[in-house]
Amino acid sequence: MIKADRQRSDEVQAYKAVLSEYFRGIDLLPVLVSASQRVGDVYDAANRWAFLSSSSDCFPTLGKIPESPSSLPDTIEIRTSQIGSAFGLTKLFSFSASASNAATVKLKFTDVKVRRASQMALRSALCPACDYLKPVTSGEMAPYASGQPLPIVVGTVLTAKREVFVGEVEGANLDLTASLAPLAASLPLEVINLNPAMSAALGYGSTSGCLLKSDTRLPVAIGPAFYPKLIFDRVQSSGSQADELVAVEWHDANRGASKDWLSQAAETLPSPTTTG
């Protein structure tokens, strides 16, 4: 049981890393567990992305954000054991060991929509009850002590449908449709058999296989409206020196600068993946 739990945890962490790298390229954070995330929601980046407050708590006059069509580049290669995670499940899913290692598995986001609020709109809508966000929205520098929240205000929410292509494994005695049926029935998902021509037309290469499709559009990534520049100082502790976070300087998120922070956050903070 302990071994299975550790294996499941390792697979989830590996899946997080793949999604984090993919979305970091477009200044976004992946959402593993969709929970109706909205523009104006606030998460604590210093405490495993704990949910601090909702959009209606702190930005009650923000109103409904219009939704616009968008798109995401390319497909994402994942492992068979991560198929369940791709559809928001916590259990592992795999074939036989030989087939699992050889199978081509690709995740794609379709019917992508985006909701986005400007920093000015968020500043104007901030209510007095959420004064703790004033330094964030005003672009101030504030001292930071261990245990304090590092509040990240959501400025962008990307929603999409998900589909996963599983390629047939040459020489493997494996019925893909039958193997995927329990997973498909539990969600539910549509299972479509693809010949090489169909796979190629959909961007999955000239390989026969099965396509798992979800018809539900859910949040798949969020973007911060403001990002923190983390300021460290070298302190003496127990005879050794270490870098300690001592202050935070807040900035409006913008292309490039916020990407630098996402890279820094991946190294100095818990995994930048919200779980609702």
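Positions are given from 1, in the same order as the sequence printed here.
To the nearest 0.5 Å, atom SG of residue Cys210 and atom CD of residue Glu190 are 11.5 Å apart. The NZ atom of Lys106 sits 10.0 Å away from atom CG of Asp74, with the distance rounded to the nearest 0.5 Å. To the nearest 0.5 Å, atom CD1 of residue Ile192 and atom CG of residue Leu212 are 9.0 Å apart. Here OG1 of Thr159 is found 10.0 Å from NZ of Lys161. Values are rounded to the nearest 0.5 Å. Between the CD1 atom of Ile78 and the CD atom of Glu11 there is a distance of 10.0 Å, given to the nearest 0.5 Å. Going from atom CZ of Arg162 over to atom CZ of Phe87 covers 7.0 Å, rounded to the nearest 0.5 Å.
Looking at Glu163 and Phe109, their side chains never come closer than 4.5 Å, going by heavy atoms from C-beta outward. With contacts defined as side-chain heavy-atom distances shorter than 4.5 Å, the pair Val112/Leu158 qualifies. In this structure, the side chains of Leu32 and Lys16 come closer than 4.5 Å at one or more pairs of heavy atoms. Between Leu107 and Tyr15, some side-chain heavy-atom pair lies under the 4.5 Å cut-off. Side-chain atoms of Val164 and Val166, non-hydrogen and from C-beta on, do get closer than 4.5 Å to each other.
Both Phe59 and Phe226 belong to a common hydrophobic cluster when Ile, Leu, Val, Met, Phe, Trp and Tyr are linked at side-chain heavy-atom distances under 4.5 angstrom. No continuous path of hydrophobic side-chain contacts links Tyr43 to Leu218 [ILVMFWY only; heavy atoms under 4.5 Å]. Val191 and Tyr204 fall into different hydrophobic clusters, where Ile, Leu, Val, Met, Phe, Trp and Tyr residues are linked whenever their side-chain heavy atoms come under 4.5 Å apart, directly or through other members. Hydrophobic clustering keeps Met198 apart from Val105 (ILVMFWY residues linked when any side-chain heavy atoms are closer than 4.5 Å, directly or through intermediates). Under the 4.5 Å side-chain heavy-atom criterion for grouping Ile, Leu, Val, Met, Phe, Trp and Tyr, Leu183 is not connected to Leu211 through any hydrophobic cluster.
Judged by the 6.0 Å distance and 45° axis criteria, Lys213 is not positioned over the aromatic ring of Phe165.
Across the pair Cys127 and Cys58, the gap between the SG atoms, which is the quantity tested here, reaches or exceeds 2.5 Å.
Between the side chains of Glu249 and Tyr144, no donor-acceptor pair is found at a separation under 3.5 Å. Under the 3.5 Å distance criterion, with hydrogens and angles disregarded, no donor-acceptor pair is assigned to the side chains of Arg38 and Ser55. Under 3.5 Å, the side chains of Ser53 and Tyr132 contain a donor-acceptor pair of N or O atoms.
Residues Pro151 and Trp250 share a closest heavy-atom pair of O-CH2, 3.1 Å. Between Pro228 and Ile152, the closest heavy-atom pair is CD-CD1, 3.9 Å. When all heavy atoms are compared, the tightest approach of Pro224 to Ala253 is O-CB, 3.1 Å. Phe23 approaches Pro30 most closely through the heavy-atom pair CD1-CB, 3.7 Å. In terms of heavy atoms, Arg79 sits closest to Ala14 at NH2-CB, 3.5 Å. Considering every non-hydrogen atom in both Val39 and Val157, the closest pair reads N-CG2, 3.6 Å.
Side-chain atoms of Glu21 do not come within 3.5 Å of backbone N or O of Val18 as any donor-acceptor pair. In this structure, Ser138 contributes its side chain and Glu140 its backbone to no donor-acceptor pair below 3.5 Å. Judged by distance alone, the side chain of Ser208 and the main-chain N or O of Glu168 form no donor-acceptor pair under 3.5 Å. A donor-acceptor distance shorter than 3.5 angstrom exists from the side chain of Ser199 to the backbone of Thr207, with no hydrogens or angles considered. Looking at Ser214, its side chain never comes within 3.5 Å of a backbone N or O of Leu189 through a donor-acceptor pair. Remark: the backbone N or O of Met141 is not paired with any side-chain donor or acceptor of Lys229 at under 3.5 angstrom. The backbone N or O of Ile65 sits less than 3.5 Å from a side-chain atom of Arg115, completing a donor-acceptor pair. Although no hydrogens or angles enter the test, the distance criterion places a donor-acceptor pair under 3.5 Å between the side chain of Gln37 and the main chain of Ala35. Looking only at distances, no side-chain donor or acceptor of Asn47 sits under 3.5 Å from a matching main-chain atom of Ala50. At least one donor-acceptor pair closer than 3.5 Å links the side chain of Gln119 to the backbone N or O of Ala225.
A salt bridge links Arg123 to Asp252: one of the charged nitrogens lies within less than 4.0 Å of a carboxylate oxygen. Classification of Lys113 and Glu67 as a salt-bridged pair fails, no side-chain N sitting under 4.0 Å from a carboxylate O.
Applying the side-chain contact (heavy atoms from CB on, under 4.5 Å) test between Tyr22 and each of Leu28, Ile76, Thr75 identifies Ile76 as the sole match. Of the residues Asp41, Asp57, Val42, the one that meets the side-chain contact (heavy atoms from CB on, under 4.5 Å) test with Leu52 is Val42.
In this structure, Asp215 places its CG atom where only 12 or fewer heavy-atom neighbours from other residues, nucleotides or ligands lie under 6.0 Å away.
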Quiz item: Yes or no on side chain to side chain contact (heavy atoms under 4.5 Å, CB included) for Val114 and Thr156, after CA distance, side-chain angles and deciding distance?
Solution: CA-CA 7 Å; Val114 62; Thr156 301; 3.6 Å; yes
